[in-house]
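Note that the numbering runs from 1 along the sequence shown for the chain.
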Amino acid sequence: MDFEFSAEQTAFKTEVERFLDEHQHPDVMEVTRENMAQLVDTPPRRAFMKKMAERGWLGITWPKEYGGQEGDGVYEYLLNESLARRGAPQIGKGVGIIGKTLIRHGSEKLKREFLPKNLRNEVEFAIGYTEPQAGSDAAAMALRAVREGDGWRLNGQKIFTTSAHFAEWYWVGARTDPDAPKHHGITLFLVKLDDPGLKVYPMPTIGDEITNQVYFDNVFVPDAYRVGELNRGFQYISEALDLERFTMFTFSPIQQRMEELCDYVRTEERDGRPLREDPIVRRRIARLATQTEVARVLGLRFVAKSMQGGAAPTVEASQYKLFATELSKRVADAAVDIGGPGAQLRVHTAEAPMRGRAELTYRYTVVDTIGGGASEIQKNIIARRKLGLPKNF
Ligand SMILES: Cc1cc2nc3c(=O)[nH]c(=O)nc-3n(C[C@H](O)[C@H](O)[C@H](O)COP(=O)(O)OP(=O)(O)OC[C@H]3O[C@@H](n4cnc5c(N)ncnc54)[C@H](O)[C@@H]3O)c2cc1C
């Protein structure tokens with residue numbers, strides 16, 4: 001088994017890093033936005049993505065038929081991780097989740113309408129699965145879609161819809177058959193976010209960024225904007241979630257925060273003694289460094305499995321997401337403990353150790369263990385799909 005990248009892959013990474021150096025600007029790249037840095041939510045971030053599009057870096061793995069390059073997933077991985085390391089906007093949502101699901105299941109009309117716009121970065125999406133009574137159990141979603149003429153009338157509520165305050169299109173699951181078993185009565189739609197029947201209300205998170213509640217009041221969606229087959233939406237959503245669990249919870253920020261913590265331990269003193277000589281600190285750092293390597297390899301396993309074709313690998317996605325996001329929390333806990341009282345100073349405070357990222361990531365990393373399916377749900381998936389254990393609910 002070879003864990004190293006080939007010369008061609010390394011050259012690609014160098015090219016990406018050079019491009020990022022050329023476009024380094026605080027309006028485009030901001031590591032302290034943590035995982036929300038991936039959003040393409042401001043004009044400078046959109047302009048930056050357009051430049052990436054001109055390079056052909058969106059749709060690296062897509063079929064040539066839809067403007068892609070049919071390249072290996074490892075290039076997409078290298079690109080996304082380099083972007084994440086700088087706090088730059090990323091390709092996970094439009095090109096990854098929406099684009100790849102449309103390629104597999106969308107009608108020819110939807111492919112022709114959306115895929116070229118995705119590749120040119122001319123459209124942003126919000127994703128609406130979660131509802132107040134349907135979070136971990138997404139199949140319990142109740143937002144209702146009722147057939148009317150050549151389309152559907154949607155009424156109900158979504159919650160935790162990130163990006164709904166700036167995106168143009170809404171990727172929404174709705175109940176089309178209330179009498180069918182819950183996993184078989186959901187259909188996926190694309191809805192215009194400027195529809196007058198939609199009301200978007202921001203919700204602040206403990207990670208300083210916002211997500212949204214969205215209310216649907218008689219929103220009409222033409223049947224042509226139904227994604228895939230009627231009542232098969234939950235199957236498509238499950239596939240899309242496997243992609244989300246990998247591409248939207250990147251590894252390089254964890255590695256970067258570990259490096260920051262190690263630098264701190266290497267150079268600082270506590271009570272007149274170098275931190276690096278404290279056996280408890282050393283043991284904790286050694287354990288975290290080893291776990292960071294495990295997270296990296298779990299990510300590579302997902303990439304390797306994905307490159308075999310078909311839908312994204314479910315178990316590998318859950319294993320990676322569970323391990324990486326829980327590790328991210330442990331690194332943040334260690335930074336706050338080892339950094340002492342000063343580690344509670346906010347980011348951008350001059351005196352704060354580790355540039356104040358300890359305090360911020362202590363709050364933010366909790367969010368990553370919930371979004372895209374909470375840790376307990378990932379454990380359930382691994383227990384059932386990998387270990388063959390019975391369903392617990
Ligand atoms: C910042 C942020 C952004 C988000 N963005 C989006 C978005 O853009 N689009 C979207 O659709 N959703 C989004 N979500 C929603 C996210 O997917 C849900 O929060 C998540 O699925 C958990 O659902 P819940 O909050 O309703 O918690 P619940 O489902 O109520 O879970 C509460 C607790 O119970 C545990 N639990 C639940 N069921 C089980 C079980 N069967 N076995 C063991 N434990 C269980 C959970 O793990 C959790 O610890 C976002 C969430 C956050 C925090």
Side-chain angles (χ1 to χ4, degrees), residues 1-24 29 31 35 37-38 48-49 51-64 68-93 95-97 99-100 119 242-263 288-325 327-328 331:
M1 197 178 289
D2 186 2
F3 287 99
E4 299 307 317
F5 294 114
S6 69
E8 204 183 322
Q9 290 158 359
T10 307
F12 174 72
K13 185 167 164 43
T14 307
E15 190 188 342
V16 169
E17 293 297 339
R18 198 175 312 121
F19 173 84
L20 295 180
D21 287 343
E22 282 163 19
H23 295 88
Q24 183 77 48
M29 300 175 204
V31 285
N35 205 15
Q38 66 185 275
F48 169 78
M49 286 300 267
K51 288 194 184 126
M52 291 227 303
E54 284 157 18
R55 292 234 167 187
W57 287 350
L58 309 187
I60 289 174
T61 57
W62 286 15
K64 291 199 169 132
Q69 296 173 32
E70 293 181 10
D72 281 343
V74 66
Y75 290 96
E76 214 163 62
Y77 167 77
L78 289 169
L79 174 65
N80 215 33
E81 289 293 343
S82 288
L83 292 168
R85 192 175 169 88
R86 306 247 187 162
Q90 292 151 46
I91 60 173
K93 199 186 276 182
V95 169
I97 297 169
K100 288 184 180 176
L119 282 186
D242 291 337
L243 280 167
E244 177 171 339
R245 285 168 187 153
F246 181 68
T247 57
M248 293 178 75
F249 298 92
T250 41
F251 166 72
S252 54
I254 304 172
Q255 189 179 40
Q256 183 191 48
R257 293 197 294 266
M258 255 314 277
E259 286 165 9
E260 203 141 17
L261 176 58
C262 289
D263 280 347
L288 288 172
T290 310
Q291 292 170 353
T292 302
E293 187 59 15
V294 174
R296 186 179 80 87
V297 174
L298 285 174
L300 291 175
R301 249 163 58 105
F302 176 94
V303 175
K305 214 46 195 290
S306 304
M307 279 162 54
Q308 293 169 7
T314 302
V315 170
E316 282 74 8
S318 290
Q319 286 177 323
Y320 170 77
K321 206 253 172 192
L322 172 65
F323 194 85
T325 57
L327 168 64
S328 185
V331 173

- [ ] Test ring pair (Phe, Tyr, Trp, His ring centres under 6.0 Å) on W57 and F19 and set out the steps.
- [x] CA-CA 11 Å; W57 287 350; F19 173 84; 5.1 Å; yes
Open item on the list: With heavy-atom distances below 4.5 Å as the criterion, would you say the side chains of L79 and F12 are in contact?
Closed with: yes
- [ ] Please test F251 against T292 for side-chain contact (heavy atoms from CB on, under 4.5 Å), starting from the C-alpha separation and ending with a verdict.
- [x] CA-CA 9 Å; F251 166 72; T292 302; 3.7 Å; yes
Open item on the list: To the closest 0.5 Å, what do you measure between CG (L78) and OG (S252)?
Closed with: 10.5 Å
Donor-acceptor list for residues 309-316 side chains, cut-off 3.5 Å, not counting sequence neighbours:
| residue | atom | partner | partner atom | Å |
| --- | --- | --- | --- | --- |
| T314 | OG1 | D242 | OD2 | 2.7 |
| E316 | OE2 | K305 | NZ | 3.2 |

Task: Where L261 and L288 come nearest, the two heavy atoms and their spacing - done: CD2-CD1, 4.4 Å
- [ ] Answer yes or no: is there a side-chain heavy-atom contact under 4.5 Å between Q319 and F302?
- [x] no
Task: Closest heavy-atom pair and its distance - V16, S82 - done: CG1-CB, 3.7 Å
Task: Electrostatic pair K13-E8, nearest N-O below 4.0 angstrom - done: no
TODO: Apply side-chain contact (heavy atoms from CB on, under 4.5 Å) to the pair M29 and Q24, showing each step before the final yes or no.
DONE: CA-CA 7 Å; M29 300 175 204; Q24 183 77 48; 3.7 Å; yes
Task: Results of side-chain hydrogen bond (donor to acceptor under 3.5 Å, both in side chains) for Q255 - residues two or more places apart only - done: none
Task: Spacing of Y75 atom OH and I60 atom CD1 [to the nearest 0.5 Å] - done: 9.5 Å
Task: Min side-chain heavy-atom separation V31-P253 under 4.5 Å - done: no
TODO: Nearest 0.5 Å please: distance from the CD atom of Q69 over to the CG atom of L58.
DONE: 9.5 Å
- [ ] Grab the two heavy atoms, one from T250 and one from A84, that are nearest each other, plus how far apart they are.
- [x] OG1-CB, 3.2 Å
TODO: Could you pull out all residues at least two apart from E244 that satisfy salt bridge (Lys or Arg N to Asp or Glu O under 4.0 Å)?
DONE: none
TODO: Starting at CD1 of I254, measure out to CZ of R296 and round the result to the nearest 0.5 Å.
DONE: 13.0 Å
Task: Atom pair CD/CD1 of Q38 and I91 - distance to nearest 0.5 Å - done: 11.0 Å
Open item on the list: For R301, give me all partners under salt bridge (Lys or Arg N to Asp or Glu O under 4.0 Å), at least two apart in sequence or on another chain.
Closed with: none
Open item on the list: If you compare all heavy atoms of Q90 against all heavy atoms of A37, which two are closest, and at what distance to 0.1 Å?
Closed with: NE2-C, 4.4 Å
Open item on the list: Evaluate M307 against T61 for side-chain contact (heavy atoms from CB on, under 4.5 Å), listing each step before the verdict.
Closed with: CA-CA 9 Å; M307 279 162 54; T61 57; over 6 Å; no
TODO: Measure up the F5 and Y77 rings against each other and bin them: parallel (under 30°), tilted (30 to 60°), perpendicular (over 60°).
DONE: tilted
Task: Test side-chain contact (heavy atoms from CB on, under 4.5 Å) applied to V297 and Y320, step by step - done: CA-CA 9 Å; V297 174; Y320 170 77; over 6 Å; no
Task: E22, CD atom: more than 12 neighbouring heavy atoms under 6.0 Å - done: yes
Task: For F48 against P89, the heavy-atom pair lying closest together - done: CD2-CG, 3.7 Å
Task: Results of salt bridge (Lys or Arg N to Asp or Glu O under 4.0 Å) for R86 - residues two or more places apart only - done: E17, D21
Open item on the list: Between S328 and R257, do the side chains contain a donor N or O and an acceptor N or O under 3.5 Å apart?
Closed with: yes
Task: Considering all heavy atoms, the nearest G99-W62 contact - done: CA-CZ2, 3.7 Å
Task: Between CE on residue M52 and CG on residue L119, distance to nearest 0.5 Å - done: 12.0 Å
Open item on the list: With salt bridge (Lys or Arg N to Asp or Glu O under 4.0 Å) as the rule and sequence neighbours excluded, what pairs involving residues 70-82 come up?
Closed with: E76-K100
Open item on the list: For R18, is there an ion pair with E15 - N to carboxylate O distance below 4.0 angstrom?
Closed with: no
